[in-house]
Structures are given as structure tokens and as C-alpha cells.
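First the proteins, then the strands, lettered A, B, ... as listed; each starts at 1.
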Amino acid sequence: MAAKDDDSSFDPCENNVSFPKIEESILEFWKQNDIYQQSLDQRAGQERYVFYEGPPTANGKPHPGHCLTRAIKDLFPRYKTMRGYFCERKAGWDTHGLPVEVEVCKELGIHAKEEIENFGVEPFIQKCQASVWQYMQEWEQLTERLGFWVNLDQAYVTYHQSYVESVWWSLKNFFDQGLLYKGHKIIWWWAQGGTALSSGEVGQGYKTVKDPSVYVKFPLLEKENTSLLVWTTTPWTLPSNQFAAVNEKIDYATVYDPQEDHYLIFAADLVEKIATKMKRELEVKSTCKGSELVGQRYQPPFDYFYKTDGDQTGTLKSGGTESRAWRITSADFVTTDSGTGAVHEAPAFGEVDYELLVSERERFIEGEGPNLICPVGPNGKFTAEVPDFEGQWVKDADKAITQKLKETKALYLLDQYEHEYPFCWRADDDPLIQYPRESWFVKTTDFKDKMLANNQEINWLPDHIKNGRFGNFLESNVDWSLSRERYWGTPLPIWVCSETGKMEAMDSYDSLIAKPGATGMEVWAAAKEANPELVEDLKVHKPYIDAITYDSPFAAGATMNRVPEVIDCWYDSGAMPFAQWGYPHQGEKEFKEQFPANFISEALDQTRGWFYSQLAISTLLFGDDPDIKFPHPFENCIVLGLMLAEGYVCAKCSHRHADQVKKCTECGGKVSRKTEKMSKRLRNYRAPNEIFDQHGADALRWYFFANQPPWTSIIYSERAIKESIPEFLLRLWNVYSFFVLYANIDGFSPSSISAAGQLNPEAISTGTGCRPVSERGELDRWLISELNQTLKVVTERMDQYDNYAACTKLSGFVDSLSNWYVRRSRDRFWAEDKQDVDKLDAYWTLFETLATICKAIAPFTPFISESIWKNLTKSFGAGATQSVHLCDYPMANEGLIDETLSRQMSLLREIASLGLSARMNAKLKVRQPLSGVTVVLNNQTDQAWLETHDDLLKTELNVRAVTYTTDAGEYVSYQIVPNFKLLGPRVGKLMPKVKGAFAAADGKAILESLSQTDKAVLDVDGTEIELTEDDVEVRLQANEGWAAAQGSQAVIVLSTELTPELIRAGLTRDMVRLVQDYRKELDLRRTDRIRLTIETAAEELTQAISENQDYLAGEVLAAEVELGAVGAQSVSREIGEYALKLSIEVV
RNA sequence: GGUCGUGUAGCUCAGUUGGUUAGAGCGCGUCGCUGAUAACGACGAGGUCCCAAGUUCGAAUCUUGGCACGACCA
């Protein structure tokens, strides 16, 4: 954008604008001048707008979904800053947890926990810490390139000591209140990784798999030759069987299998199904309710425990005794959807099974109920209690167990069953198992009501999240399973007495080492000495923290040792409202000033993640504080939809194509468009950087903001991103470059403005030749009115976090600006007299509009607006605000909104559009002047106004005259229709008849009656209905035979008769076009004056030219127009059937 | 199976409290413009508003029940 002419007020715009190139230079400008910091400094002391950054993990590459979150996170803080708020934006990084460990394991080529232990926890942790920053650069680059203004230099990091200690403080708080407890639960267990997974993590790993489906005979002890037929998809749990469950309400059949000469009991509804599967005739002997089966004893398929404990009984609380296990019980969850209607229960390996055990145990007096059978180790392998399968990984043992069942004839049927089963989300091949485990829990269930109340006060967008997904999740709240038996995470700050088992929680490193007898700190000191590069923060991590012990206050001579667990990394991120400041050990001021957040935003998958962890921790910690009102820790939350990729997939061979092609490049098959999940594996999306390089960050941002509400799923389609450019960015750019072009040609300069500052309307009004808006022409007043109307809507919508509606409004305005204001004002800019008042009005109006709209779009498309701003303010030097992002957001001046004018102009535009439509239908090109049009309005309210705009219509439609008529019976017929909204409630059921009566009535007569007496009477089946003007809507129907077009408010009729004079005028316009073409061909400057010579034998042309010589000369900037022989430098052209030669000479 | 959401033009989506000609952009077609020019504009074709029942004078809109898709959870 090098200035060719330093005298001009604006740098010329390049013809072929490259947004990515502009953006690079703007980034440089922001950096050089520290605009972000300035935008903050300028608001210091103002009311805060608090934003929390949900920390991403930087150990993977950022993908398009991150662009969306970062774009939305940028939009509202920018907007609010311009609205005058002080909005600091602290970046953050989520650094702990399984994802990091798994990455490091991959790098090391190891997998299981034992392998990590063999590698050594200390070097492993060090690797984790380093790995966290692996893609840091890419993240920072993306953040900057997208224009996401956030303070990266002072980012919070979840592994930092201060952060960890904040988390400790909150945990100690819970511990001291008894809210942190160790419990025994069935959890989803990742055996290879040796850790539990949270429900959110489990949810991410479901896959469809085929598992064996086994139907096993459980012989009943009290019934000869009869078995309960039990079904399971996890044969490996059968050795641990403790009960069989039926549903009391279901009917069970006793069937006879002749082939085996054996009786089987299972759900009556399933007899046919199972008979089909077995390809056997099964004979139903009798049926009974499930309740009749309850209590019967059976022999389990494996006797590892049964052989010793099979006869044990216990005393019931209700009196009497019952066998402890291996009998039929009842459970509601048993259905006949699949299987046999009888379910095998291994309480160790199923949550519902475990609950059943617990409720069974409660029937017995203390100590006499059934114990939990669990012959599987934490590594997922069978223990010595099951010698036949000892050491086998349970899932692998399925086969051997099935084989064994076959041998003992316990197996009745073997089948396959397809279902969803969870796998470890980070290690795809590892199936999870349900497993009993001791784990630390946070007692969130005690706070359910408070969390629900807190939730009610949050403004969720979209609002169905509140009582839908999030609300439901809170309703079914279970205690937070907090601990992880892993390595890289915030250590659980609890120390246990070696003697008494009593525990204490620590809230900081200092308070820990200040404990009497504290020792073990030298382990860290030694490591640090060996490697001074080690970051200090590691000292609060495993294994260093584990080394620290102190004297037990509970028993003399005993030591306090830390428990081995680390915590769920969701807890880390949920603690960020206070932990980002290190509160309460430090940062109290910052915390108090910036709690709660006004605004956060993440994608839908964070419902159970960050949204929940924040709300839960905050409610537990601060929910009872009378000074802290709900909602906290966030007030407004935009829940973004998932981002989908667009793919082109061959129907035949499934080959994937990156771009839209019709035929498959591999097999020639038909390729169809498909939207699907983004997947690293399929590489079905373009890297964000490629989008930035080709289309620019503003294009991507605008696409995100303006194409759909942010909570719908967004298709990341390069094609769509590209297409959104001409619609808005380029259109605005064209208007702007049009302005710059002519302002420079005319020497228009805004530099006369005193105190330019932010180029507010008041400042602009001081410019030389700038008249008050009220004195300017209609078109100018209309534009300013639309502009203010736009600002009004945009600020209203943005205050409601509705960026989509705001963008729609902005886009509509830019369209009006380009396609009506500039188009209709072009000749004003071309006026000869540089001091012409109307011309200056046009410049000032357009200048003000550009300056204002540029500020209005700044939060959305920060680059292009900055670029325009810099050029518009070029002539003021330091007199104008340096960056558009340092300006206040433009607010509507409602006094300048003229609703009537707006309505009238839209009517005028409709009439113009109808005129063009009529021309089109009559095949009369716009270049051909016509003698006139006749306009017939449905409603005369605005006729007088329209009549004052004849000139505009004349130019737009290229006609000589515009006439309005009310008596247009010749051209149109009047059709009247009822105003349903008004008449409906009044006449009720009569409405269909009224409608008929309207159709049958003489429209014109009724209209006349209305216009004369303000009322009319309609006869509907003998009932007279009195009508007022409002009850009737008029529709005009153009009669046949006219070149006419009808719209909702008017009919336009063209005079199609072409006089020779009109034809010649048309020829002249053709001539103008030819000359302009030729000028361009000769590469003349726009301001070059020429001598034009035309040579033609066509009489019609000669006459046309001489008749319209002045017009022609004016249009093509010809000093002279000569009819006669051309010289050697000429071209031959044709207009219709006429041939001619042209020559041009610059004078 | 449960919860939530979505279903409107070839594609992506709007459609305010129910009101009778259902809109936009892109794409497509036809044409125009040629001093915003590797732009720009106009016009047009294209819709059983997923289906069914109900409420109502009147339903894309409200109710109920289906169907399909998606997400989350079991």
C-alpha cells in the first residue's frame, strides 16, 4: 500500500486486495505500538468486564474448533472494551492429566503403569512437564494470527506452584469440612493405566464392539433337572458370580428342551426367540411371575468360592436366616429387551450389581451378609483365587472361560452381541472394566440444591442448556470421584499417620515444611542440584512431594506420609477462578476484583467438564458466603456447537477428496458431500494456518460470527469461508476503495476537522463544507438514518450476546450502503465542480459512515477495520486516535433515525426493482431509454414523497418520465383481501365466508366507498359486516398485455413504445460504452481528457451522435467529438448492425 | 433405553407474540452494467416448511404421537 502520491489524503487502495497481506501488516502495527496494552490502560479504573479463559492443553496441535472458541472469546471482550469496560484477559494453560502422560508414554514407547515405574517416576514427570509446551509456539501463533487479544505473557499454568497451592487450599477446605472422603466404589477402571476415569472421560471412549453373548445354565438346587437360563456379555465375570436377578413383574416360562432332556426357566416373551436361535423346539410347560422365583438357590457355573462358602447362611434383620449368596433375587433393571430376562450378578464388576449386593447386605444383621467377591487384581488379571485363569487379562480370558463352560455343559448358547462399550479415550485399544476401588470423593451431592440454585441464575446461551443438558446433569449429581492413581497431576495434599491412620490436609508447601519434624525436602534439593534447569514448580509434584514426611501429631513416634494419589485435572481447571491468582496465598485483590466472570465460552463438550467443575468448586467453596451472590463463578456462558468437517466422499470406493469434485479421481464413481466429525486421522479439514494464508483471519472470524448462531454445529468448510468474503468484507472494501479513489481524484480531504480524535459525528461536523445532516439531501439523510438504526440494533443484540443477529444487521447495512447509496450517488461524486454542495455532502456522508461502520465492525473483523481506520485518519497524524480499537463503540443517535424515510426508501427501492423486473420481462435492456413508467400504488400515503424522487427512478430505470396514477383501471385490476389479523378475532367462524365475500366483491367499489365515507359494508350470507380502511388490504393485479410488474405495494407499467429519438439515445449510450472500453484498453487514466473521432457510414449513428454530442462528450471526458475519417490509430467496432471506427487522442 | 437438540429451496441457515404471496446468502439460469472493473448489479427458476392427528375462523409457528439425524448419558 505504498503511497504513490503523498499529497493525497488517503493511500490509494490496491486493485487486487489481499486481506492476508493487510492482516500481517496490522499485526505488526499492533505489536509495534502495543495497541492491546493501550486498549487496557485506557480503561483502567473503569467498571470491569470479567472474562475467564478456559485453559486449553498445549500438548496437541490446535485445530479449527479452537479457532471458533478463540474467536468468540475475543469478540465480546473487544466489544465490551470499546463500550468502556476494563477487561483484562489472562491466558491460561491446562497442563496436568492423563492426556499428557499418554503422550509421553507414546514417545517412550511404553504403555502400562509398571513400565512407567520401571522408567522412573522422576524422569517421567520431568518429561511430562516439558511435553506440555511442545506445541506452545503453534498455539501462540494461532492466538496471535486470529487476532485473539489475550495476555499470554502472564498466563496461568496449572502446574505452577502457586496454582497447585491454591488448589490445595480449596481441598484442605473441603477436607476440614468433611467434604473430602475416601470411598469404596465401582468405577470405570483403566487396568493397563491403573487408574479410574471420570464419567466425562468414559463418555468419550464408547465404541461399538462385538462381545460374546453367553446363555448359561444355573441349575436350581431345589428343582430336579431344571436350570435358570442366565445371560451375560462378560463371561469373565462368571467366576465372580454371587446372584442371579430376575424381575418380579415379568412372566417366566419353564420350558422343556427335548434334545438335552432338561428344563429351563427364562422370560416367557423370549421363548420363541431363543428357540429360533437354538433351532430347537422348546415346549412351554408352565409359567410363573418372577417373584415366585426369588429366593431359590442355584449352583453357579464355577465353584472357586461356592465350594467353600456355598452353604453359608446369615441372620436376617427381619428374623430367620437365608443363604448369603447364589440365589435368585429381584431387580427392576432386568428387562426382556435382550438375553433371557435373567441376569448374572457379579457385584465387583458392575455398578448396579454392586448396589444390589449392598442392598442384600443390608437385609442381614451386621457382619452376616454377603461379602464382595473379587478375584481380579487392579492390573485386570485374574488372581490365584481363580487358578484356572490366573494371570490372564480378563478380556482375553473370555474365550477360555467359554470353553470351560462348554466342557462342564453349563453353556447353553453362544452368540455374538453388538453394543457400545467404553474404551480408554487415550488408548483406543484398551477396554475399560468396572472395578471396585478405593477412591477419594468430593461430597458434591450435599450441595446439589445449591448448585441447582446457582445454575438458575446463569445466563446460558442457548438457554435450553440451563434446564436441559446442564440442569439434568446436576439433578443426577453423584459425588465427584477426585483421585487418580497416576503421576502427573496436582498431588492430593493429604498426609496419613503411619500409626493411627488419621489424616491432615495441607494448603501450601510452606506450611508443610514448617511442620515439626518435616523432612525429605533434600530429595528435591538434590535433583535441582543435579539439574539446575529443573523448574522450581516441580517440587510440589510427585515424586518430590511424596518424599516429604513429618512427625505425626496423632501418635508419638509416628510419621505422616502423603497419600499416593494425584487429582482429576478437571478439578485444576475448575479452580481457575481463584487459582489463576494463587488465591488466597496471594492475589487477593485480583481475585476479589475479578470474581465472578461476566463471560465465558467453550464448546458443548465442556458441560460436564469445565462448566461443571467451575460451578461445583465455586458453589462448595463460596456458596455459603452471604457476600457472594449467585451466579458464580460465571454469569453468561455461550455454549458453542461442535465443529464439523466437510468432506467429499466417493459413494463407490469411499475415497476421500479434499475439494469438491463430481467424479471420483480413483474410480470415477459419484462423489457426494458429507458433513462429519473432524478427525485427525481422516485429515478431513484444512489447518487453520492455510485458511489464514489464503483468506485471512477476518474472513474466518466473520464466517463464524455471521453465518449461524454460535451454538449450532458449525461446518468448517473452506468453500463457505471463502464465499462469505464477497458478501461482506469485499463489499465493504469496495465501498471504501471507491471512496478513496474519488476523494483522491477530487482532492477531498477531511483534514479540516478540528480535534479529529475518534471521528465522532460532532468532530466530523467541524469539517469544511460539512453541513448538518438535516440540511443534506434525502439519500444522505436516509443513509445516516440507516446507520444509526444499525448501531441501535447491533448494540442491543451484542448486549444480549447475540452476535449472529448483530452481524446480520451489519451485513444488511453494508449491502444498502453499496447497492443503494453508492450506486445512486455515483454521479454526485463525478460532478465537475469540486466545491459543489451536493458533492461535498456525499463525501462527508460517506466519510462519516465509513468511519463509524469501521468502528462498529472492529470487534468482529479487527484487521480490516484497523486498516480502513488507519487510512481514513491518515491526514490527521497524531490528531486522530491511533487505532480503531482504542475508540469507543459508536452508539446510535436516535434523533437521526427517520422511520418514515426508511419506509419510503424501501418502497422506492421496491418500485425500482419492479421497474427492472418489467424491463426484463419485456426484454428491454436498461441502456435503451424509454419514454416513461406509470406507477400504481396500493396505498397513496407515500406518493407525494415518491414524486419528489422521480429523478432517482428515472436514472435507475433509464426512463424519461415517471407518473403516478390512482385511476389505473386500464393497467390493473384491484383485488381486495381481508386483514385476517383484525377481522379474524371479530368474525370468528365466519372468516372463511368473509374471505369468499371479499373475493366476490367489487374491489374498486369498496375502495371508493372507503375513501369517501371511511367505511364500507360487505354482505356475507345476509349478515352485513361493516369494514373500515384497516380491515381491507389491497392487492393490485397487472392486466394482461402490458409490460408490467407487480409487487406487494405497487404495480409498475412501462411505456414500451420506442421513438426514433429514443432509439438514437440508446445508440449513444452504446457509443459511450464502446469508448469507455477503448479508453480502458488504452490504459488511460480516469482523469485524462481526450479527442474522440468516430467514423461511420451509418446514418442513424451519425445522427445519434450529433444529437447527443454533449452527453457523449461529458460521459467519456472528451474535449472534442469529431465525426469523420479516423487516422491510423483506430479500432473497428459494432453497435448492433452498425459498423464504426474509433480513434482516441489524449489532449 | 434415557435426556437434550435439530428437521424450512441444490447447500448453509433466518423466520419475532399463530394471520393467508414463507425469506436471505451461496450455487444455478437469464440478462444487464462497464469511471468500484480480475469488480458490480438486476431478474428468474427452485419449497407437500419431516409425517400424522389435534387445538383454532386460520398452523412452518401451539399440543400430542411417530420418523430421521446429531450430541450427551446409560
**Q** With sequence neighbours excluded, tell me which residues meet ring-ring contact (aromatic ring centres under 6.0 Å, His included) with A/Y716.
**A**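 Result, ring-ring contact (aromatic ring centres under 6.0 Å, His included) vs A/Y716: none returned.
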**Q** C1' atom, B/rU63 versus B/rU20: distance in rounded Å?
**A** 22 Å
**Q** Need one value for A/V1072: base, sugar-phosphate or nothing, where a base atom within 4.0 Å counts as base even if backbone is also close, heavy atoms only.
**A** nothing
**Q** With sequence neighbours excluded, what pairs up with A/F728 under the ring-ring contact (aromatic ring centres under 6.0 Å, His included) test?
**A** A/W702
**Q** Could you tell me whether A/R823 and A/E956 make a salt bridge, using a distance below 4.0 angstrom between a side-chain N and a carboxylate O?
**A** yes
**Q** Could you list all the salt bridge (charged side-chain N to carboxylate O under 4.0 Å, His left out) pairs where at least one residue sits in residues 976-997 of chain A, not counting sequence neighbours?
**A**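 Of all non-adjacent pairs touching residues 976-997 of chain A, those that pass salt bridge (charged side-chain N to carboxylate O under 4.0 Å, His left out) are A/R986-A/D1031, A/K993-A/D1021.
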**Q** Could you work out, with ring-ring contact (aromatic ring centres under 6.0 Å, His included) as the rule, every residue matching A/F829, not counting sequence neighbours?
**A** A/F738, A/Y843
**Q** Please state how far atom CG in A/L730 lies from atom C1' in B/rC26, giving the value in whole angstrom units.
**A**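 That distance rounds to 15 Å.
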**Q** Just to confirm, is there a sub-4.0 Å distance from OP1 or OP2 of B/rA36 to any side-chain nitrogen or oxygen of A/R826?
**A**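 Yes, within the criterion.
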**Q** For B/rC31 and B/rC69, measure between their C1' atoms and round to the nearest Å.
**A**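 It works out to 41 Å between them.
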**Q** Please tell me if A/R927 has a side-chain N or O lying less than 4.0 Å from either OP1 or OP2 of B/rU34.
**A** yes
**Q** Find the distance A/L644:CG to B/rG70:C1' and express it as a whole number of Å.
**A**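 From A/L644 CG to B/rG70 C1': 9 Å.
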**Q** Could you give the distance separating B/rC67 and B/rC11 at their P atoms, to the nearest angstrom?
**A** 24 Å
**Q** How many whole angstroms separate atom CG of A/L474 from atom C1' of B/rC4?
**A** 14 Å
**Q** For A/F738 and A/L642, take the nucleotide of RNA chain B holding the closest heavy atom to each; which residue's nucleotide lies nearer the 5' end?
**A**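 Its nucleotide being nearer the 5' end, the pick is A/F738.
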**Q** Rounded to the Å, how far apart are A/R608 CZ and B/rA71 P?
**A** 15 Å
**Q** Between the main-chain N or O of A/D11 and the side-chain N or O of A/N871, is there a donor-acceptor pair closer than 3.5 Å?
**A** yes
**Q** Assign A/S818 to base, sugar-phosphate, or nothing according to its heavy-atom contacts below 4.0 angstrom with the strands shown.
**A** base
**Q** Could you work out the separation of B/rG46 and B/rG5 based on their C1' atoms and round it to a whole Å?
**A** 29 Å
**Q** How would you label the contact of A/V735 with the nucleic acid (heavy atoms, under 4.0 Å): base, sugar-phosphate, or nothing?
**A** base
**Q** Over all strands shown, is A/V987 touching base, sugar-phosphate only, or nothing at heavy-atom distances under 4.0 angstrom?
**A**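 No contact.
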**Q** Pick base, sugar-phosphate or nothing for A/S917, based on heavy-atom distances below 4.0 Å to the nucleic acid.
**A**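 If one applies the 4.0 Å heavy-atom cut-off, A/S917 turns out to touch the sugar-phosphate alone, with no base involved.
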**Q** If the cut-off is 4.0 Å, is A/Q1076 near the phosphate of B/rG35, judged by side-chain N/O to OP1 or OP2?
**A**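 Answer is yes, contact under 4.0 Å.
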**Q** Looking at every non-hydrogen atom in both residues, tell me the closest pair between A/L356 and A/A331 and how far apart they are.
**A**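 The answer is CD1-CB, 3.8 Å.
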**Q** Separation of A/W733 atom CH2 from B/rA36 atom C1', in whole Å?
**A**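 Checked: the CH2 to C1' distance equals 13 Å.
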**Q** Ring centres under 6.0 Å, that's the criterion: do A/F611 and A/F470 meet it?
**A** no
**Q** B/rA14 pairs with which nucleotide, Watson-Crick or G-U wobble, both distances below 3.5 Å?
**A**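 B/rA14 is unpaired by these criteria.
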**Q** Tell which nucleotide pairs with B/rC40, taking only Watson-Crick or G-U wobble pairs whose two distances are both under 3.5 angstrom.
**A**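 Result: B/rG32.
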**Q** Applying ring pair (Phe, Tyr, Trp, His ring centres under 6.0 Å) to A/W570 and A/Y612, what does each step give before you reach the verdict?
**A** CA-CA 9 Å; A/W570 286 114; A/Y612 172 68; over 10 Å; no
**Q** Between B/rU12 and B/rC51, how far apart are the C1' atoms? Round to whole Å, please.
**A**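 Nearest-Å result for B/rC51 against B/rU12 at atom C1': 24 Å.
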**Q** Please name all residues satisfying side-chain hydrogen bond (donor to acceptor under 3.5 Å, both in side chains) with A/S613, sequence neighbours left out, ordered by chain then number.
**A**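 side-chain hydrogen bond (donor to acceptor under 3.5 Å, both in side chains) list for A/S613, sorted by chain: empty.
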**Q** Remember a base hit wins even if backbone is also touched, and classify A/N734 as base, sugar-phosphate or nothing at under 4.0 Å, heavy atoms.
**A**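 Result for A/N734 = base.
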**Q** Can you work out whether A/N472 or A/R469 has the more 5'-proximal nearest nucleotide on RNA chain B?
**A**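 Here A/N472 is the residue nearer the 5' end.
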**Q** Could you write out each protein N or O paired with an N or O of nucleotides 12-18 of chain B at a distance under 3.5 Å?
**A**
| from | atom 1 | to | atom 2 | distance (Å) |
| --- | --- | --- | --- | --- |
| B/rC13 | O2' | A/Y804 | OH | 3.1 |

**Q** Can you list everything that forms a ring-ring contact (aromatic ring centres under 6.0 Å, His included) with A/Y801? Sequence neighbours excluded, please.
**A** A/F76, A/F599
**Q** Once you round it to whole Å, what is the distance between C1' of B/rA36 and OH of A/Y843?
**A** 12 Å
**Q** Any carboxylate oxygen within less than 4.0 angstrom of a Lys/Arg side-chain nitrogen, looking at A/D746 and A/K839?
**A**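 Salt bridge: yes.
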**Q** Can you build the contact string for nucleotides 54-69 of chain B? Use B for base contact, S for sugar-phosphate-only contact, and - for no protein heavy atom under 4.0 Å.
**A** ---B------------
**Q** Polar atoms only, N or O, under 3.5 Å: list the protein pairs with nucleotides 5-9 of chain B and their distances.
**A**
none

**Q** Among pairs that include at least one residue of residues 462-475 of chain A, which meet side chain to side chain donor-acceptor pair (under 3.5 Å), considering only residues two or more places apart or in two chains?
**A**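 Residue pairs passing side chain to side chain donor-acceptor pair (under 3.5 Å), neighbours aside: A/Q456-A/N467.
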**Q** With rounding to the closest Å, how many angstrom separate the P atoms on B/rC26 and B/rA42?
**A** 10 Å
**Q** What is the separation between atom CG on A/L817 and atom C1' on B/rA36, rounded to the nearest whole Å?
**A** 12 Å
**Q** Please list, pair by pair, any protein nitrogen or oxygen found under 3.5 Å from a nitrogen or oxygen in nucleotides 23-25 of chain B.
**A**
| from | atom 1 | to | atom 2 | distance (Å) |
| --- | --- | --- | --- | --- |
| B/rG25 | O2' | A/E727 | OE1 | 2.0 |

**Q** Mind checking if A/K995 touches a base, just sugar-phosphate, or nothing, with heavy atoms under 4.0 Å?
**A** base
**Q** Do the side chain of A/Q1076 and the main chain of A/E1115 share a donor and acceptor less than 3.5 angstrom apart?
**A** yes
**Q** Would you give the length of the straight line joining atom CG of A/L982 to atom CG of A/D1030, rounded to the nearest 0.5 angstrom?
**A** 6.0 Å
**Q** For A/R1079, give me all partners under side-chain hydrogen bond (donor to acceptor under 3.5 Å, both in side chains), at least two apart in sequence or on another chain.
**A**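 For A/R1079, no residue satisfies side-chain hydrogen bond (donor to acceptor under 3.5 Å, both in side chains) once neighbours in sequence are set aside.
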**Q** Measure from CZ on A/F739 to P on B/rC40 and round the result to the nearest Å.
**A**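 Between P of B/rC40 and CZ of A/F739: 21 Å.
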**Q** Using atom C1' of each nucleotide, how far apart are B/rG25 and B/rA71 to the nearest Å?
**A** 27 Å
